[in-house]
Number of protein chains: 2
Amino acid sequence: MSERDTATETIDLETRLTQDHHQSLKLWLRMLSTTVMIENEIRNRLRAEFDTTLPRFDLMAQLERHPDGLRMGELSKRMMVTGGNITGITDQLEQEGLVMRVSDKQDRRAYSVKLTAAGRKTFKTMASVHEAWVAELLAGLDPEQKNQMISMLSSVKSDLSAGSKHNENE
Amino acid sequence: MSERDTATETIDLETRLTQDHHQSLKLWLRMLSTTVMIENEIRNRLRAEFDTTLPRFDLMAQLERHPDGLRMGELSKRMMVTGGNITGITDQLEQEGLVMRVSDKQDRRAYSVKLTAAGRKTFKTMASVHEAWVAELLAGLDPEQKNQMISMLSSVKSDLSAGSKHNENE
DNA sequence: TATTGTTATACTCTATAACTATA
DNA sequence: TATAGTTATAGAGTATAACAATA
């Protein structure tokens, strides 16, 4: 153990807590501002290039990953928004012929939402351009750094999900 | 150079680009969902504990860092929103006695917005609780990882600012 | 003329709660 | 009764553009 480590362990708990708090705050502010900047950029480009919005794009992306369709409730969970919003976005996309509601044969209250052929085609175009934008905006990191960030963000996320269970006790 | 490196260099450019695109997309989706989850949590807690909102908290945080006050235009830049919004938030906070508009002696069109004594006191309470929340939500990372993320996010951000200059050519 | 801040307005995204129709 | 989805509504949070006062 080096002298420096010994010195580090000498500082009292309160000081270490304060330092950790400051560091966490700094990280959070940087996460937030970076994400907002990228999000705004992508939002503007989606509007300008494809006349669409982030939630609409997101819903189609969910469906593309699930060719058998997703029920409204599943979309709601995955997109982290309440049901009414899913109805609204689905209505728009259905009107434009990009998605369709297919009634569930087992449960007549439920639908599966699927991409139409036109929706798949439209989404494919948008997705490849979108992916290139994201790669461009994250070009400041090399592949190794990206892997590191992906895994670090995972531990933050899993912590958050664990935390929400904790709230049930309140 | 190891065999593995040689193999890596053997794959063609297109494949490597595709891999990078996928990885970037994965990272971006994780950044976005993690940030949204934390943001929602903080938003809810600010509402529940202090009956305030994120933009209001953010404006006060900006002022706390600048005791001499900030002009409306500076707040607008720092908070990445347009001027009209700053007017609205400032109006609310001024009405509650938390901030004040001080007219600029050099330029009679302009104000400096400052925290009042009450605003400083209120903010101090909120900020320390807020900081503890953030530390709690980011507890999944150790200090070394936090430092890494902070520096990686810096390179992303500086890249983004450079990119916006590029847009002037369009 | 250009700039600082304000006003008025509208749009996107969201949550909530009451509702319908099934289960 | 409970659940799947819809409807209606309200409220953040935002941008845009026309405006007044001043530079």
Side-chain angles (χ1 to χ4, degrees), chain A residues 32-33 35-37 39-48 50-60 62 69-95 99-114, chain B residues 32-33 35-37 39-48 50-60 62 69-95 99-114:
Chain A
L32 186 56
S33 63
T35 305
V36 167
M37 284 173 75
E39 207 181 339
N40 285 344
E41 188 65 29
I42 291 179
R43 203 189 296 279
N44 289 338
R45 293 187 188 186
L46 280 176
R47 162 80 54 216
F50 299 114
D51 192 30
T52 195
T53 66
L54 214 39
R56 287 169 48 123
F57 180 81
D58 198 15
L59 192 149
M60 293 180 76
Q62 298 293 342
L70 285 173
R71 303 231 304 222
M72 304 299 276
E74 288 176 316
L75 281 167
S76 168
K77 265 186 225 158
R78 285 170 199 278
M79 295 179 62
M80 299 193 277
V81 299
T82 50
N85 303 300
I86 301 296
T87 299
I89 301 171
T90 304
D91 286 349
Q92 291 176 24
L93 293 172
E94 193 176 28
Q95 217 161 0
V99 309
M100 55 185 174
R101 285 176 164 93
V102 180
S103 20
D104 189 308
K105 280 171 187 168
Q106 265 84 57
D107 184 342
R108 290 195 310 183
R109 294 168 307 179
Y111 300 102
S112 273
V113 187
K114 294 184 187 182
Chain B
L32 185 56
S33 62
T35 305
V36 167
M37 284 174 76
E39 208 182 340
N40 286 343
E41 187 65 29
I42 291 179
R43 205 189 293 280
N44 291 337
R45 293 188 189 186
L46 280 176
R47 164 79 54 215
F50 300 114
D51 192 29
T52 195
T53 66
L54 215 38
R56 287 168 49 124
F57 180 81
D58 198 15
L59 192 149
M60 293 180 77
Q62 299 293 341
L70 285 171
R71 304 230 305 224
M72 303 299 276
E74 288 176 315
L75 281 168
S76 167
K77 263 186 225 156
R78 286 170 199 278
M79 294 178 63
M80 300 193 274
V81 299
T82 51
N85 303 300
I86 300 297
T87 299
I89 301 170
T90 303
D91 286 349
Q92 291 176 24
L93 293 173
E94 192 176 29
Q95 217 160 1
V99 309
M100 55 186 173
R101 286 174 164 92
V102 181
S103 20
D104 189 309
K105 281 170 186 168
Q106 265 85 56
D107 184 341
R108 290 195 309 182
R109 294 168 306 178
Y111 299 100
S112 274
V113 187
K114 294 184 187 181

B:Met60 pairs by side-chain contact (heavy atoms from CB on, under 4.5 Å) with which of B:Leu93, B:Ile89, B:Thr52?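 One option only clears the test, and that one is B:Leu93.
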Rounded to the nearest angstrom, tell me the gap between atom [atom1] in [X] and atom [atom2] in [N].
{"X": "B:Ile89", "N": "C:dT7", "atom1": "CD1", "atom2": "C1'", "value": "16 Å"}
{"X": "B:Phe57", "N": "D:dA12", "atom1": "CZ", "atom2": "C1'", "value": "18 Å"}
{"X": "B:Gln92", "N": "D:dG13", "atom1": "CD", "atom2": "P", "value": "9 Å"}
{"X": "B:Ile86", "N": "D:dT14", "atom1": "CD1", "atom2": "P", "value": "9 Å"}
{"X": "B:Asp104", "N": "D:dA21", "atom1": "CG", "atom2": "P", "value": "19 Å"}
{"X": "A:Met79", "N": "C:dC13", "atom1": "CE", "atom2": "C1'", "value": "10 Å"}
{"X": "A:Leu54", "N": "C:dT12", "atom1": "CG", "atom2": "P", "value": "14 Å"}
{"X": "B:Asn44", "N": "C:dT14", "atom1": "CG", "atom2": "P", "value": "14 Å"}

For DNA chain C, whose closest nucleotide is more 5', that of A:Gly83 or that of A:Arg56?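 Nearest-nucleotide comparison on DNA chain C picks A:Arg56.
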To the side chain of [X], which of [options] is closest?
{"X": "B:Arg71", "options": "C:dT4, D:dG5, D:dA15", "answer": "C:dT4"}
{"X": "A:Met72", "options": "D:dG5, C:dA23, C:dT4", "answer": "D:dG5"}
{"X": "A:Val81", "options": "C:dT14, D:dT14, D:dA23", "answer": "C:dT14"}

Shortest non-hydrogen contact between A:Leu70 and A:Gln62, atoms and distance: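 The answer is CD1-O, 3.9 Å.
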Measuring from atom CG of A:Leu75 to atom OH of A:Tyr111, what distance do you get when rounded to the nearest 0.5 angstrom?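 Reported value, rounded in 0.5 Å steps: 14.0 Å.
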Would one find a side-chain N or O of A:Arg109 under 4.0 angstrom from OP1 or OP2 of D:dT6?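 No.
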Between D:dT14 and A:Arg47, is there an OP1 or OP2 to side-chain N/O distance shorter than 4.0 Å?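 Looking at the OP1 and OP2 atoms of D:dT14, neither is under 4.0 Å from any side-chain N or O of A:Arg47.
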Assign [X] to base, sugar-phosphate, or nothing according to its heavy-atom contacts below 4.0 angstrom with the strands shown.
{"X": "B:Gln106", "answer": "sugar-phosphate"}
{"X": "A:Thr53", "answer": "sugar-phosphate"}
{"X": "A:Asp107", "answer": "sugar-phosphate"}
{"X": "B:Gly84", "answer": "base"}

Can you check whether B:Val102's main-chain N or O pairs, donor with acceptor, with B:Ser112's side chain at less than 3.5 Å?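 Not a single qualifying donor-acceptor pair exists.
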Backbone of B:Asn40 reached by a side-chain donor or acceptor of B:Asn44 within 3.5 Å: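 Answer holds: yes.
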For A:Asn40 and for A:Thr87, locate the closest nucleotide of DNA chain D by heavy-atom distance; then report the residue assigned to the nucleotide nearer the 5' terminus.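 Residue closer to the 5' terminus by nearest nucleotide: A:Thr87.
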Using heavy-atom distances to pick each residue's nearest nucleotide on DNA chain D, tell me which of A:Asn85 and A:Ala110 is more 5'.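 Taking each residue's closest nucleotide, the earlier one in sequence belongs to A:Ala110.
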